[in-house]
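A short write-up of the structure that comes next.
Every chain is numbered from 1, with letters handed out A, B, ... down the list of sequences. Values below: every heavy atom of this structure, side chains too, minus hydrogens, waters and symmetry copies.
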2 protein chains.
Amino acid sequence: MAGERENEVPRQPRSRRKMQSVTMMDVADYAKVSPSTVSLYLRRPEAVSASAGSAIARAIEKLSYVPNLVAGGLAAASSRAVSIIVPSVRNAFFAETVAAMQTSLRKERLQVILGHTEYDEKEEEDLVRTALSWAPAAIVLTGLCHSEATRRMLTKAHVPVIEIWELGGPQIDAAIGFHHDQVGIAAAKHLIQQGKRRLAFLGARLHEDRRGKQRCDGFVEAARQAGVSVEIVQHPASASAEVGGMLLRDALQIVPDLDGVACSNDHIALGALFECERLSMSVPEKLAIVGFGDLSFSAACNPPLTTIRPSGDLIGREAARLIVGHMTGKEQEQKVSIDTRFTLLHRRSS
Amino acid sequence: MAGERENEVPRQPRSRRKMQSVTMMDVADYAKVSPSTVSLYLRRPEAVSASAGSAIARAIEKLSYVPNLVAGGLAAASSRAVSIIVPSVRNAFFAETVAAMQTSLRKERLQVILGHTEYDEKEEEDLVRTALSWAPAAIVLTGLCHSEATRRMLTKAHVPVIEIWELGGPQIDAAIGFHHDQVGIAAAKHLIQQGKRRLAFLGARLHEDRRGKQRCDGFVEAARQAGVSVEIVQHPASASAEVGGMLLRDALQIVPDLDGVACSNDHIALGALFECERLSMSVPEKLAIVGFGDLSFSAACNPPLTTIRPSGDLIGREAARLIVGHMTGKEQEQKVSIDTRFTLLHRRSS
DNA sequence: TGGCGAAATCATAGCGCTACGATTTTTAAA
DNA sequence: TTTAAAAATCGTAGCGCTATGATTTCGCCA
């Protein structure tokens, strides 16, 4: 890195690896203040006099100083990083939340460190362990279900933990999300209200997708309570339009006079819609379809898809708000839980 | 945190904030070796004798020691973090790459730090600045176009830089991706081969989406060279099925006897497909449609969508490979460029 | 048994910054 | 003016770890 070894001294006592060429010390020298003042200025500009402030600002500009957050994190015993652990960013729901969080956190100069569990509890445990070694300002996890070891590490570490996208179970610190069983209930009630009486839930990967399963359970429960026939048709693969088509075919085999389906998400619903088209089954007359997610294509289908929209971005923004509140000491409450709700969008597929 | 202040000394010289309760020192004491040996064991287990190794392993297990990567990063002048800056993770393409990278990097115990530019060059500059203050092992950027300040910072910082998802321009260090103009050319050639002679390119947000624009340009150029009529129809909003429908209507207004369209991505193509359905326009007989991306729904549409598949995951894996190679010193080459190619999937929409 | 090179281990000096407590300067009240 | 209180600034001891070079231990042959 820095080429500082070729000088006249026959042998230097120690050749140190340097991280950066210009440090806070250099800025302090240039601005004729002490390093502490520079540090203070960087963290709480309002605590420094206007004259010192502008001198420091000029020095930073002149030397193009970039603070070393790693050193800062070590000294402060907490880094300006937030660790977010989601099942997968390929999933549009989580991508939306991650994007919203990152946007909100950036304003507070917090960085997002990302990890994917791929729906594996052991992987999550590992990711949490690594996350902790970064001494993050907060850790964000998906869902309320974690291994015992994960919970133990988190409670021992004294890091604020936020669990997102699920509500209604034992939470570690804060939780932000909604009740997935209520989504299922809303879908069932809606279909029944539309006069449908032979229902099915089309689900992908329900053995791994806890929240999908909750929606399914809510749906089945509500249908049963209303005295309406209901079946669960599922497939172990992850959700896609192809799987949706297959599931609808399977469902029609089991319940030939099927007249309403709820799907674990809009990918499945879209596939079901395409399958109806292929089978010349009129939607919603012969079969009503309700999805989940309100994905990018949902409003543009033929017919437009009735779906339930969660607010993934709101979850992200609220999580960021909580983290920032916690850091600034405003938010004292630990065990908050925020219900971000969901909306049923009644479009023409039902 | 650590409760070490209640001892007999009337007043301690300094109350220090502690990051963690059990440090490498504790492990060393427990295992009866020096801290250096523990550090060595953690970084290169094979350099430590079997007896010392197992003693250390036992100590780590017993004390449930979690190494502090922040301290490690400071001491080593480079952290085990890789900063990835993409326009948006909501975009399925980048989500796929990010996911693949994170999976590959995890095996080498490298963390992903994520940032979104939202297609804003100034934002990118800011993100790069912050990224640098983490002293990452590498920085991954999207595309080859960056502000002058960004380039300056990066070259000055001596960090390996990898630019992804674009090839064919001046690159900083390594670049991994493909030539987008060739995608456009492939789409045009394909449509012409199918006997189509009145073409249009349906594009969303082409003013911001550089790579979409490149595909568009390639398409138009190839069509012109073949002596085939071609129009560009665009919309400033970001890609969605709704915009796709609108664009197709616009296109038909401009070119009533339109017989082939290429779309800036599959969202647009899907919208066009739906619009055809509404207009009772047979696909591919009256109108052939080619998309880009091979998104989750593309194979399941009616008719299945002909599209061009980039390999987003391969880009991610290759990037990870390069980074790891660089860290271990295997990969010496700087200015490599890796062409990950693309595939035209001829399905029934053309 | 001695001696030598290789392997294993160690002691130490920071990496760049922040928080603490102390000191200096400024402000306002007496 | 004096003086207390408030505001601004400073000096410094680590935060926990790694890289370096030095030292010790080991394996092996003469």
### Query
Mind checking what makes side-chain hydrogen bond (donor to acceptor under 3.5 Å, both in side chains) contact with A:Glu166, not counting sequence neighbours?
A:Arg210, A:Arg211, A:Gln214

Whole-Å distance separating the [atom1] atom of [X] from the [atom2] atom of [N]:
{"X": "A:Tyr41", "N": "D:dT9", "atom1": "OH", "atom2": "P", "value": "12 Å"}
{"X": "A:Lys32", "N": "C:dT25", "atom1": "NZ", "atom2": "P", "value": "18 Å"}
{"X": "B:Leu132", "N": "C:dG16", "atom1": "CG", "atom2": "C1'", "value": "16 Å"}
{"X": "A:Leu69", "N": "C:dT18", "atom1": "CG", "atom2": "C1'", "value": "13 Å"}
{"X": "A:Arg80", "N": "C:dC17", "atom1": "CZ", "atom2": "C1'", "value": "14 Å"}
{"X": "B:Met24", "N": "D:dG14", "atom1": "CE", "atom2": "P", "value": "20 Å"}
{"X": "B:Asp29", "N": "C:dT9", "atom1": "CG", "atom2": "C1'", "value": "15 Å"}

Would you mind classifying the nucleic acid contact of [X] as base, sugar-phosphate or nothing, using non-hydrogen atoms under 4.0 angstrom?
{"X": "B:Tyr65", "result": "sugar-phosphate"}
{"X": "B:Leu40", "result": "base"}
{"X": "A:Thr23", "result": "sugar-phosphate"}
{"X": "B:Pro35", "result": "nothing"}

### Task
Verify side chain to side chain donor-acceptor pair (under 3.5 Å) between B:Thr155 and B:Arg151, making sure each step is shown before the conclusion.
CA-CA 6 Å; B:Thr155 45; B:Arg151 307 182 81 87; over 6 Å; no

### Query
For the helix from C:dT1-D:dA30 to C:dA30-D:dT1, what angle lies between the axis at the first five pairs and the axis at the last five pairs, to 10 degrees?
40°

